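Below you'll find the structure, written out as structure tokens, and then a few comments.
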Amino acid sequence: NRSRQSGLSLVEVMIGMLLGVFLVGGVLQVFASSRQTYRVHEATSRMQEGGRMALEVISRDIRMADFWGCASDSINVVNNLDSSGAGYVDFKTGGVGGTEGASGAPDTLVLRGGVNSGLGVQPPYGPQASAVVHVPSGNGLEQGDIIFISDCSSADIFQISNTNADGSGQLVHNTGSTTEPGNYNVNNPGCPGGGNAHCLSKVYGADASVFATREINYSIAMGSEGQPALFRNGLEFLDGIENFQILYGVDTDPVGTAGSGIANFYVSADQVADMEQVISIRFAIVTRSYDDNLTGGLAQNYNIFGTNIAAPDSRLRQVYTSTVAVRNRL
């Protein structure tokens, strides 16, 4: 029958094309929605990973700040480093410090103290003017390492000046230009008349131990990928970290009184009268997505310590906060 071989009419073809357009449009809409959902999930995962890592590492460093062995307090520590030398660290300013960023800019945090297991001091001990401390050999210490020797009443910080500290077990702390900043402290209470600038404040015996020292600086700057990043001692540590805000928990109660060991209030660095009274730190990390156009055109608002902030773009942001006690001050 010829009528059965006439094919489709123009109207039928146009209807079929229209239905095809609707179908392709629906598929494209599903694809675009899935792609956007994937971008948001990927960005969220990266922010969560960065936030968790930042909280973990910073919290650990805060807990270990202001550790001076059995001496326990930087007030009892004598810093024998040459204050005029390059790389000098003023450990006497305490184990906690920092600066307040102006107008909501990121803050900085400084943490100081000792690390690693202590090495027991071995005989012969002293005298005070001696420039040698004896410890077990194979200690892993090297020339230029800044260390401190401590017992339960006091501590001395100095820099190793000899080249064979690991093998010989002798920690020499002579003055001179062998290391930077070097050792030079004529005001050390153990120096007779300031005549021996390399001496220690006392003769340390078998009850003393030797520890390594460190100073950790946290700050926010632009990273190598063109994204804001968290820097640790001047080295890029975690990218995608946009802001770092810090409050210091201050305990104003005298030691030994009821309530001592509990922060009376939390304030910014510029409002802390004495950093030695800081017993805990509350900090906030703001992570930011790499990609823009993730919020669907809606302005994202987030809160840091009670302050509402409007995001300047369509990137995703998350705020992570934690309060950590400085255990060596409790």
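For clarity, every value in this text was computed on a predicted model and none was experimentally measured.
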Donor-acceptor pairs under 3.5 Å, side chain of residues 129-137 to any protein atom, not counting sequence neighbours: which ones?
from	atom 1	to	atom 2	distance (Å)
S130	OG	V132	N	3.2
S130	OG	V132	O	3.4

What is the minimum heavy-atom distance between A43 and S289, and which atoms define it?
-> CB-CB, 3.7 Å

Should M53 and I220 be regarded as members of a common hydrophobic cluster, given that ILVMFWY residues are connected when their side-chain heavy atoms come within less than 4.5 Å of each other, either directly or indirectly?
-> yes

Kindly determine whether D156 and N80 satisfy side-chain hydrogen bond (donor to acceptor under 3.5 Å, both in side chains), including the steps that lead there.
-> CA-CA 7 Å; D156 277 79; N80 298 295; 2.9 Å; yes

Can a cation-pi geometry be assigned to R317 and Y302, taking NZ or CZ under 6.0 Å from the six-membered ring centre and within 45° of the ring axis?
-> no

Remaining members of hydrophobic cluster (4.5 Å side-chain criterion), L330 = I279

Flag side-chain contact, heavy atom, 4.5 Å: V319 against N303 = no

Under a 4.5 Å cut-off applied to non-hydrogen side-chain atoms, are L230 and Y218 in contact?
-> yes

CD/E49: more than 12 non-hydrogen atoms of other groups inside 6.0 Å | no

V324-V326 co-clustered via ILVMFWY side chain contacts under 4.5 Å = yes

Take D61 and R232 through the test salt bridge (charged side-chain N to carboxylate O under 4.0 Å, His left out) and record every step on the way to the result.
-> CA-CA 11 Å; D61 289 340; R232 189 176 187 265; 3.0 Å; yes

Verify side-chain hydrogen bond (donor to acceptor under 3.5 Å, both in side chains) between Q318 and Y320, making sure each step is shown before the conclusion.
-> CA-CA 7 Å; Q318 289 184 346; Y320 298 87; 2.3 Å; yes

Got more than 12 heavy atoms from elsewhere within 6.0 Å of CD, Q122?
-> yes

Not counting sequence neighbours, which residues clear ring pair (Phe, Tyr, Trp, His ring centres under 6.0 Å) with F148? List them please.
-> W68, F211

Is the closest side-chain heavy-atom distance between N79 and N185 below 4.5 Å?
-> no

Are any of the side-chain heavy atoms of I58 and F283 separated by less than 4.5 Å?
-> yes

What are the two closest non-hydrogen atoms of G104 and N243, and how far apart are they?
-> O-ND2, 3.6 Å

Output yes when D291 and R46 qualify as a salt bridge under the 4.0 Å nitrogen-oxygen rule, no when they do not.
-> no

Kindly indicate, with the supporting measurements, whether the criterion side-chain hydrogen bond (donor to acceptor under 3.5 Å, both in side chains) is fulfilled by T108 and S219.
-> CA-CA 5 Å; T108 66; S219 61; over 6 Å; no

